[in-house]
Amino acid sequence: MHLVLFFIFGGLCVAGALNLLFQRHPINSALSLIVVMSSLAVLYLLLGAEFLAAAQVIVYSGAIMVLFTFVIMLLNAGREERTHGSKAAYAIGIPGAAALFAALAYIFISNGSRMGMTTPGRSLITTTDLSRVLFRDLLLPFEVTSVLILVAILGAVALARREH
Amino acid sequence: MVPISYYLVLSAILFSIGVAAFLIKRNIITVFMSIELMLNAVNLTFVAFAHYFHQVSGQIFVFFVMVVAAAEAAVGLAIIIAVFRTRNTLNVDQVDLMKL
Amino acid sequence: MNSSLHLWLIPLIPFAGFLANGLAGRKLPKALVSAIALIATAIPFTQVAWLWFNFHAAPAPYFEHLGTWIQTGAFRAGFDLQLDQLSLVMLLVVTGVGFLIHIYSVGYMAHEEGYWRFFAYLNLFMFFMLTLVLAENFLLMFVGWEGVGLASYLLIGFYYLKNSAANAGKKAFIVNRIGDFGFLIAMFLLVARFGTLSFSGVFAVVAQHPEWQGGFLTAIALFLVLGATGKSAQIPLYIWLPDAMEGPTPVSALIHAATMVTAGVYMIARTHVIFNRSPLALSVVAIIGVATACFAATIGIVQTDIKRVLAYSTISQLGYMFLACGVASYASGMFHLVTHAFFKALLFLAAGSVIHALGGEQDMRVMGGLRRKLPVTFWTMTAAVFAISGLPPFAGFFSKDEILYQTFLAPNGGKVLWIVGLITAFLTSFYMFRLWYLTFFGESRYRNRSLPEHGAAVHASSTSTLVLEAEPEPHAHSHDTHESPWIMLFPLAILGILSLIGGWIGIPAALGGNNEIARFLDPVFGSSGTLQGSNQLALTLAAVSTLVALAGWLLAHLFYFARPALPARVSSQLRGVYTLLVNKYWIDEIYGALVVTPLLLVSRYVLKALIDAGLIDGATYGSAYAARGVGAIVQRVQSGNIRSYAGWLAVGAAVLLIFTYFGFTAHFH
Amino acid sequence: MNTVPQILRILPEVILTVVGVLIMLIEPVMPGRVSRKSLGWFAVVGLILALGASLYQYQLPAGTAFFGTVQTDAFSVFFHVLICGISLVCLLIALDATSAQTEGMGEFYALAIFGTVGMLFMTCAVELLLVFIGLEISSISTYILAGFRKRSAKGPESALKYFLLGSFATAFFLYGIALTFGATGSTRIGVISGTLASSATPMLAIAGLALIIIGIGFKVSAAPFQVWTPDVYEGAPSPVVALMSTAPKAAAFAVLLRILFGAFPVLHSHWVPVLWWLAVLSMFIGNLGALRQKNLKRMLAYSSIAHAGYLLVAFTALSPDGIAAASFYAVSYAAMNVGIFAVVSHAGGFDDRLGLIEDFGGLAYRSPLLGGSMAIFLISLIGIPFTGGFFGKFYVFTAAIHAGFIWLAILGLINSGIAAYYYLRVLATLYTRPGESSPVGHIPRATTPLLFALLLTVAATLILGIVPGRILAKANAAAHTYPAVSGNTRATTETAQR
Amino acid sequence: MLIGHILTLTIFVPTAGAIVVALLPRKGRIVQWWTLLVSIVTFALTLHFPAHFAYGQTGFQFVENCSWIANPAIRYHLGLDGLSMWLIVLTGFLSVVGVLASWSAIETRTKEFYFFFLLQQTAMIGIFAALDIFLYYCFWELSLIPMAILIAIFGRERGPRTALKFFLYTFIPSALFLVAILWLYAKTGTFDYVTMRQFLIANSALFTPNALFWAALAFLVAFAVKVPVFPLHGWLGDTISDAPTAMAMVVAGKLGLYSILRFNLGLFPAQAREFAPWMIALAVIGILYGACIALVQTDIKRLIAYAILSALSFCTLGIFCFSLSGLDGAVYQFINEGVSGAALLALAGFLYERYETYDMQRYGGLAARLPVLATLFVITCMSLIGLPLFNGFVGEFLILSGSFASHHGWVIAATVGVILAAAYMLCMIQRIFYGPESAMVAERPVARFSAREHILLWPMAVLMLAMGVLSPFWIRAIDQGVAGLADSATHTISYLEKR
């Protein structure tokens with residue numbers, strides 16, 4: 001059951017990712033990315049992280065991707081033209097990416113056995129546990145994040161504001 | 001009953017596709033998206049391990065990653081706009097004024 | 001004999017004179033300059049004369065240690081002076097002749113620019129020459145040895161604005177350096193073997209080891225010979241002396257006839273202890289000597305420049321002295337050295353007076369008939385000519401005869417050497433009388449300054465006045481020939497007398513004398529040196545050489561007095577020989593082609609261009625270029641394209657991940 | 001828990017945050033025309049306070065706070081001081097370089113301050129999450145600062161390059177953390193090291209380590225992750241380059257030290273060779289790349305790559321000496337590099353009027369002050385004695401040789417020879433006779449902030465070179481917060497080779 | 001009355017002077033006068049050492065030894081022995097000479113010039129005085145910078161290029177040199193020369209000869225470049241011909257040779273003897289090579305450069321024969337080289353000031369115009385070609401005679417160099433001073449020999465003579481300085497041993 005779901009949504013992820021890769025128009029890429037994220041959310045559920053799944057849908061598929069589409073529209077970016085600015089990206093980069101994948105895959109598979117299986121349904125981590133950790137053990141990072149967001153806002157303002 | 005390693009491999013696949021996309025896509029925004037894809041792949045790993053260790057901190061980490069992603073998105077898109085203003089293009093290949 | 005003879009004064013007073021004239025002379029009046037110079041030579045002369053009378057009898061050499069010069073570890077060399085019969089004789093010659101020539105120069109150089117410079121240099125020369133003579137160790141002798149070279153360099157180049165003069169000086173110095181190279185190596189050998197350079201020390205050690213024959217002693221001796229050939233203008237290093245005639249005539253007289261050039265002979269005599277142990281070295285000396293003597297004489301017979309004739313005759317006479325040393329008869333060598341000093345100095349001075357009179361003419365072909373115009377010069381010159389030609393009872397006769405006699409008696413190959421010597425004697429008297437006739441007899445051929453094709457050989461002093469532009473020399477354009485002033489004639493007279501009687505100090509037993517000089521020098525050389533044959537033989541040989549000399553005279557008389565047309569015809573008959581001789585066997589050219597040119601070419605094109613500029617600089621800049629080339633490649637990575645950058649990142653990441661994970665740490669562990 | 005009030009553990013961060021917020025609040029209410037220099041001075045004051053606070057932290061006993069997420073010890077405080085100092089000087093430089101009517105300086109100062117906060121957290125965090133966030137803060141602020149020359153096309157481009165590639169690398173870093181977490185089940189430095197020490201060779205952790213090194217390698221612009229550096233430096237305003245070529249790097253190196261020696265000491269046999277290669281590559285690529293540069297800032301960018309290489313050499317020593325050397329090198333490099341950018345930014349202004357090296361011809365005569373101090377910094381960069389640069393190299397290579405890495409030392413010092421070539425070219429240019437129309441003629445008079453900046457940097461460079469004793473002692477103290485790695489790499493095959 | 005810290009004082013007086021120079025105004029000759037004063041004071045201070053040098057006692061004197069940096073253990077350790085003492089005095093002397101020689105040659109940028117000039121003095125004195133290898137290295141490197149900058153500023157045509165060449169030539173080898181130092185430190189745990197030397201002698205067993213070999217080689221190469229030894233002389237020609245006179249005087253010779261003696265022979269006696277055959281060969285090649293190239297040079301300064309190469313190779317020869325007198329001679333010779341070479345360069349500089357060219361072919365017949373200059377020129381050349389009674393002869397003789405016993409062939413070859421030396425020097429003299437006046441000389445009226453030039457050169461001429469006649473006065477100290485480095489057996493094989 002789980003396995004089937006995993007393969008369905010995992011496949012969906014990969015498909016979406018590949019679609020992002022092959023679509024020429026940014027909007028399509030954006031949409032396919034949303035697909036990826038949503039199906040990831042499902043996988044989170046399978047891994048027993050409901051809250052995260054929700055957050056994933058809301059924050060990612062919702063907020064962030066909306067922002068993306070918004071900017072795409074704003075700059076009304078058309079189909080990307082196939083310029084050939086970079087040989088290295090193909091000659092070096094793609095093999096690099098492939099090697100990277102190969103290496104990671106090898107590592108995971110070779111160590112996979114020790115990982116064992118997912119145990120569905122077991123011990124759903126409740127929001128309570130989350131908040132306990134988040135606001136107690138990781139209080140400081142949480143607070144510091146506010147600085148991060150400040151910086152982001154400031155930066156966005158500073159950069160996007162028109163010169164006069 | 002799904003081996004954790006499956007999730008890991010899946011994340012590896014997504015991550016690598018992200019990398020490949022970064023390399024191949026010409027539109028800056030799409031390139032940026034591929035970064036988001038990579039981050040998502042990482043998130044999957046975190047969640048998988050969190051499940052494995054039955055640990056909260058892993059999931060928390062994902063939260064923070066999301067926040068960071070959001071922040072980056074804001075800034076990144078602002079930068080993209082700035083570039084578009086000066087260059088009037090969104091093609092990465094044409095943003096190579098400085099070289100050698 | 002009193003405690004201290006203050007030998008150090010002998011060289012140092014001329015040095016003081018040098019300093020005085022050299023530093024202040026420019027501003028001093030000529031009178032004062034000449035006074036200083038003369039006093040600076042007169043004092044040593046008197047001192048030496050005084051020594052002569054007081055030291056005469058003393059058997060043992062006298063030493064004077066003036067302090068350490070160089071000292072490291074076991075090795076020490078000091079400013080040590082030595083006086084023995086040998087150095088005494090030499091001192092007498094140097095100071096005496098030197099003094100006379102100083103006097104002469106006062107007159108001769110009277111009108112020269114840089115008068116003070118001339119006398120400063122002369123005094124400097126005296127200083128070094130006397131150091132050379134008095135030195136008690138090789139090193140100090142070397143000081144004098146190189147010092148006189150310097151002085152001669154400066155004096156030859158006295159008219160330095162004339163390229164030929166400057167070149168001659170340079171040539172002299174460099175060729176001498178080649179000789180000095182030999183001297184240096186000899187000293188290194190001595191240091192390595194004996195750990196000392198003092199004569200007494202070395203000789204004592206050698207004396208303790210009668211078993212040492214040849215071997216490294218030969219090596220030392222031969223290197224010393226190389227030195228001697230340089231200084232005494234023997235084959236193969238004689239080439240500098242003829243050019244040295246570019247210097248003022250008194251210089252030629254003093255340095256290049258009487259004193260400096262004999263230093264080689266003196267040195268061999270001084271180190272006879274070593275030479276005696278090496279028959280090989282001795283025979284080398286003898287052969288070099290006789291060969292040079294004959295060789296130079298042959299060149300001498302065709303020279304037309306009066307001073308050059310004398311130059312070659314000097315070389316030839318020095319050859320005789322070498323011959324003497326070569327047959328281990330150092331005494332006779334020294335004897336000839338003395339007499340030669342007298343008559344050769346005289347010859348030069350007289351020639352100088354002639355040149356002086358002719359306003360700078362040196363070409364004998366345009367002289368002639370000066371007999372009446374320059375009587376004193378003529379008569380003194382005559383004495384000298386007779387002396388050098390070896391006609392009894394003039395000085396040259398006895399000394400040269402003694403040498404030939406000793407050669408004849410010498411064990412190995414003596415006869416051959418003797419014959420060559422005899423031929424040389426004939427040639428000598430021939431070219432000397434040739435000079436004599438051409439200069440003083442016949443009708444005066446003296447019209448204008450110089451023959452067209454002889455534009456090059458213009459008289460030094462007049463040219464110098466042309467260039468140096470003080471007031472032009474008065475008699476440079478007033479062509480009436482006249483006798484020189486008394487101050488120049490006085491030395492001529494003295495030397496004339498000496499060339500007549502000078503030889504009587506060595507009248508051999510056969511002729512009823514008792515070889516004074518040999519006897520006097522015995523303490524130094526030991527009686528071993530001089531061989532004794534029967535009076536009969538001695539007389540015969542003497543007669544023979546006299547006849548040979550007379551024959552030479554007759555031939556010269558025939559050629560240049562009786563039948564003046566003859567020389568031209570003979571030379572046209574013997575065209576080849578004549579050209580060979582006139583061009584001095586092309587020795588200079590040969591040296592140029594064999595040594596100088598290759599050296600320069602190799603230096604310029606191989607060393608400088610190829611190695612230095614090509615390889616060494618090439619390597620330097622090449623590596624720089626290589627680095628920049630790699631830099632260019634590195635820059636190629638910086639294409640400016642984000643995707644390429646990402647590509648590099650990705651591949652880098654992959655490699656690093658794999659590298660770390662699979663840990664290629666074999667190289668480290 | 002110890003008795004120290006927790007807030008003191010993060011005092012500098014707090015102070016700076018407050019200052020930054022205040023600047024943010026004041027800026028909008030200031031009328032548009034008014035110069036923002038006052039804000040700059042305010043920021044400077046804030047940094048001075050933070051510096052004081054950091055120095056004060058030396059009084060505190062070492063310990064953690066906030067549930068073991070931050071830790072103040074000799075190490076973190078050392079870098080606190082360093083980073084505060086750097087930002088201080090960089091703000092002075094900015095004050096000097098910007099004119100009254102430069103746009104958006106309010107945000108500029110605020111961002112600089114916040115960025116500093118991020119770096120400070122990086123150095124004192126012992127929780128990888130906090131490290132990550134600190135890293136992001138500093139990165140994002142520097143992304144933006146890099147793009148501050150909005151008028152010229154280069155500004156946004158450099159921002160974009162830095163941003164895209166930066167986030168790209170961050171993803172790797174994050175992945176690394178994820179795998180580490182996967183291997184150890186924690187993101188606390190201490191816990192990680194503990195778990196690793198007990199467990200058998202944890203392959204996941206090794207992979208994680210590799211990915212983390214990639215991420216940090218990018219931040220410190222170590223080859224082969226250096227590609228972004230020259231472009232970004234060229235496009236960014238000089239004061240920003242001064243900042244981001246030193247402070248974030250110092251922080252990143254601190255993180256690397258913290259992670260390698262704090263979390264992964266047991267895996268040293270895996271990471272030492274990697275760092276060996278990173279070091280060698282960085283040195284060669286940096287120096288060779290700089291040889292042909294005509295643009296001064298690009299040249300300095302390459303040189304900064306090379307210096308990252310020198311610094312990485314120290315890591316291989318695996319000893320407190322190594323850590324001390326690295327820390328010391330960070331300081332000396334900061335001093336000379338900030339200093340040289342102070343001169344560059346004054347000469348070239350906020351938006352690089354003087355780009356090329358020959359533009360600086362005759363600077364030493366136009367202004368002996370600028371020329372002289374620039375000469376000192378260059379000499380220090382070459383690594384001539386009696387300057388910080390020399391002692392930095394000296395300690396680094398001493399450490400390497402003690403660890404037996406003779407070849408690393410030889411290669412490194414050969415590199416310093418190559419480097420001398422291009423530094424010296426600049427030095428010579430400073431002293432060549434200026435042409436009539438040479439741009440140095442238009443260089444403005446030195447302002448007060450510049451004088452302060454130069455005073456500080458020159459003094460630092462010389463003090464580090466002549467009497468480095470105190471600072472070195474601090475560095476050693478910092479180093480000893482880590483247990484010495486059981487360095488069985490001492491007897492490497494290298495020494496065997498010799 | 002021994003002033004405490006006299007060495008420190010001597011080293012840092014020039015630095016202080018330099019700082020003042022930086023603050024002085026640019027008008028008039030204030031800077032010159034001040035620098036002159038400083039250098040005279042420095043010279044006076046250096047004279048303190050021979051005055052109070054205790055001849056009997058071995059080891060170092062005037063020692064100052066305190067900790068500079070605790071960890072790694074670096075000490076501020078200064079001291080003199082017979083070897084370094086005269087070199088310091090020479091440096092002091094040459095600093096005065098340098099100022100006078102640059103007096104009118106350097107008209108522009110005087111502040112820069114004299115600032116770096118004084119810095120250079122500090123560096124050089126420091127090199128000779130330092131007994132802590134690290135400290136030594138610091139001074140060694142420091143000495144490069146002022147030199148390079150001055151060449152770059154005042155170089156004739158390709159100033160900057162030459163500066164680069166010079167710098168890299170010295171800097172890259174000294175990088176390896178630094179590696180060797182660090183390696184030694186890693187092994188011995190000390191930078192202190194004395195301690196390290198004792199350590200190396202005491203337990204040489206700890207080291208594989210191979211390792212020591214490479215370390216010694218690193219030292220040697222760094223020094224050989226500085227000397228320079230034959231194939232490593234690529235920088236010399238350009239540097240001498242481009243550097244301002246005062247710098248050209250000190251750029252070659254004594255630093256490198258001193259270092260070879262102090263460190264290669266001092267720390268690695270065995271390895272030094274391994275290198276000896278090669279070094280001797282290179283030295284002899286250098287002698288002849290330099291002489292031959294000098295023979296065909298037409299640029300005065302380049303000629304001098306190669307003459308220096310030739311002359312310094314004699315020193316190398318003397319050093320690597322390890323005979324006492326060879327070593328004495330070598331040291332004496334490079335002191336001579338310092339004096340006479342400096343004088344010759346100064347004279348060349350004066351010619352340049354008058355005629356703005358170093359091209360010999362444009363000169364000729366100058367002796368009539370500038371007799372004093374000509375005289376001094378000849379004297380200097382005579383000293384350089386080793387005429388007896390001049391300093392050069394003593395050095396050459398000791399070197400050659402000392403080396404002869406062990407290396408006949410090489411020494412004979414080297415002695416040929418003596419002939420060539422005469423050749424190129426006399427050629428130069430003739431081209432410049434003799435022969436008919438050249439057009440340039442004829443038409444250009446020039447200043448007479450000025451008082452300053454007299455003051456500068458006559459003392460040097462006298463010194464050349466004095467050093468040629470009273471050599472024991474100097475060699476006494478040198479002898480004791482190098483005695484420890486020589487082979488125990490004296491170089492003289494007495495006749496008794498022969499049998």
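Every value quoted in this text rests on a predicted model; they were computed, and no experiment measured them. No hydrogens, no waters, no symmetry mates; every other heavy atom, side chains included, goes into these values. In what follows, chains carry the letters A, B, and so on, assigned in the order in which the sequence lines appear, proteins first and then strands, with residues in each chain numbered from 1.
Residue Ile475(E) touches chain C through its side chain alone, counting heavy-atom pairs closer than 4.5 Å. If you measure heavy-atom distances from Phe404(E) to chain C, the contacts under 4.5 Å come from the side chain alone. The part of Phe393(E) that comes within reach of chain C is its side chain, from C-beta onward, which places non-hydrogen atoms under 4.5 angstrom from that chain. Looking at Pro231(E), the atoms closer than 4.5 Å to chain C (heavy atoms on both sides) all sit in the backbone: N, CA, C or O. Contact of Leu150(C) with chain E is made through the side chain alone, with heavy-atom distances under 4.5 Å. If you measure heavy-atom distances from Leu168(E) to chain C, you find no contacts under 4.5 Å at all. When heavy atoms are compared at a cutoff of 4.5 Å, Asp612(C) approaches chain E by way of both its backbone and its side chain. For Ile178(C), the parts lying under 4.5 angstrom from a heavy atom of chain E are both the backbone and the side chain. Heavy-atom distances place the backbone of Gln71(C), and not its side chain, under 4.5 Å from chain E. If you measure heavy-atom distances from Leu601(C) to chain E, you find no contacts under 4.5 Å at all. Interface remark: Leu387(E) contributes backbone and side-chain atoms alike to the contact with chain C (heavy atom separation under 4.5 Å). Using a 4.5 Å cut-off between heavy atoms, Asp180(C) does not touch chain E at all. Of the two parts of Arg161(E), only the side chain, counted from C-beta on, holds a non-hydrogen atom closer than 4.5 Å to a non-hydrogen atom of chain C. Using a 4.5 Å cut-off between heavy atoms, Ile478(E) makes no contact with chain C at all. Contact annotation for Leu599(C): only side-chain heavy atoms (C-beta onward) come within less than 4.5 Å of a heavy atom of chain E.
One finds a salt bridge joining Glu437(E) and Arg369(E) here, because a Lys/Arg side-chain nitrogen approaches an Asp/Glu carboxylate oxygen to under 4.0 Å.
When the candidates Ile611(C), Asn176(C), Leu615(C), Val602(C) are compared by the number of heavy-atom contacts under 4.5 Å with chain E, Ile611(C) comes out ahead. Most heavy-atom pairs under 4.5 Å with chain C, from the set Leu232(E), Asp238(E), Ile412(E), Thr415(E): that is Thr415(E). When the candidates Gly435(E), Gly365(E), Cys292(E) are compared by the number of heavy-atom contacts under 4.5 Å with chain C, Gly435(E) comes out ahead. Of all the listed residues (Tyr153(C), Phe128(C), Phe188(C)), the one sharing the greatest number of non-hydrogen pairs under 4.5 Å with chain E is Phe188(C). For the options Lys608(C), Met187(C), Arg177(C), heavy-atom pairs under 4.5 Å to chain E are most numerous at Arg177(C). Among Val469(E), Thr375(E), Val372(E), the residue making the largest number of heavy-atom pairs under 4.5 Å with chain C is Val469(E). For the options Gly149(C), Gly144(C), Ala77(C), Ser603(C), heavy-atom pairs under 4.5 Å to chain E are most numerous at Ser603(C). Put simply, of Leu470(E), Leu398(E), Leu327(E), Val378(E), the one with the most heavy-atom pairs under 4.5 Å next to chain C is Leu398(E). Per-residue heavy-atom pair counts under 4.5 Å with chain C were compared for Ala291(E), Gly364(E), Pro371(E), and the maximum is reached by Pro371(E). Ranked by heavy-atom pairs under 4.5 Å with chain C, the list Leu295(E), Asp479(E), Leu400(E) is led by Leu400(E).
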Open item on the list: Using ring pair (Phe, Tyr, Trp, His ring centres under 6.0 Å), reason through Tyr160(C) and Phe433(E) one step at a time and then give a plain yes or no.
Closed with: CA-CA 8 Å; Tyr160(C) 54 79; Phe433(E) 295 102; 9.3 Å; no

**OP:** Output, in order, the C-alpha distance, side-chain angles, deciding distance and verdict of side chain to side chain donor-acceptor pair (under 3.5 Å) for Asn391(E) and Ser383(E).
**Re:** CA-CA 6 Å; Asn391(E) 49 3; Ser383(E) 129; 3.0 Å; yes

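Ring orientation note: the planes of Phe171(E) and Phe167(E) are close to parallel, at an angle under 30° on the 30°/60° scale. The aromatic rings of Phe449(E) and His454(E) lie perpendicular to each other, with more than 60° between the two planes, well past the 30° mark. Ring planes of Phe203(C) and Phe138(C): perpendicular class, angle over 60° (limits at 30 and 60°).
No close placement of the Phe18(C) and Phe127(C) rings is indicated, their centers lying 6.0 Å or farther apart. For Phe397(E) and Trp69(C), the distance between ring centers is not under 6.0 angstrom.
At least one donor-acceptor pair closer than 3.5 Å links the side chain of Thr597(C) to the backbone N or O of Gly592(C). Put simply, the side chain of Trp8(C) never gets that close to the backbone of Phe79(C): no donor and acceptor are under 3.5 Å apart. Judged by distance alone, the side chain of Tyr289(E) and the main-chain N or O of Leu309(E) form no donor-acceptor pair under 3.5 Å. Listed for the Lys231(C) side chain is no donor-acceptor partner under 3.5 Å among the backbone atoms of Gly179(C). Thr380(E) contributes a side-chain N or O that, together with a main-chain N or O of Leu376(E), makes up a donor-acceptor pair within less than 3.5 Å. Of the possible polar contacts, none joining the Tyr424(E) side chain to the Gln297(E) backbone as a donor-acceptor pair under 3.5 Å is found.
Shown here for Leu236(E) and Ala305(E), the closest heavy-atom pair between the two residues is CD2-O, 3.4 Å.
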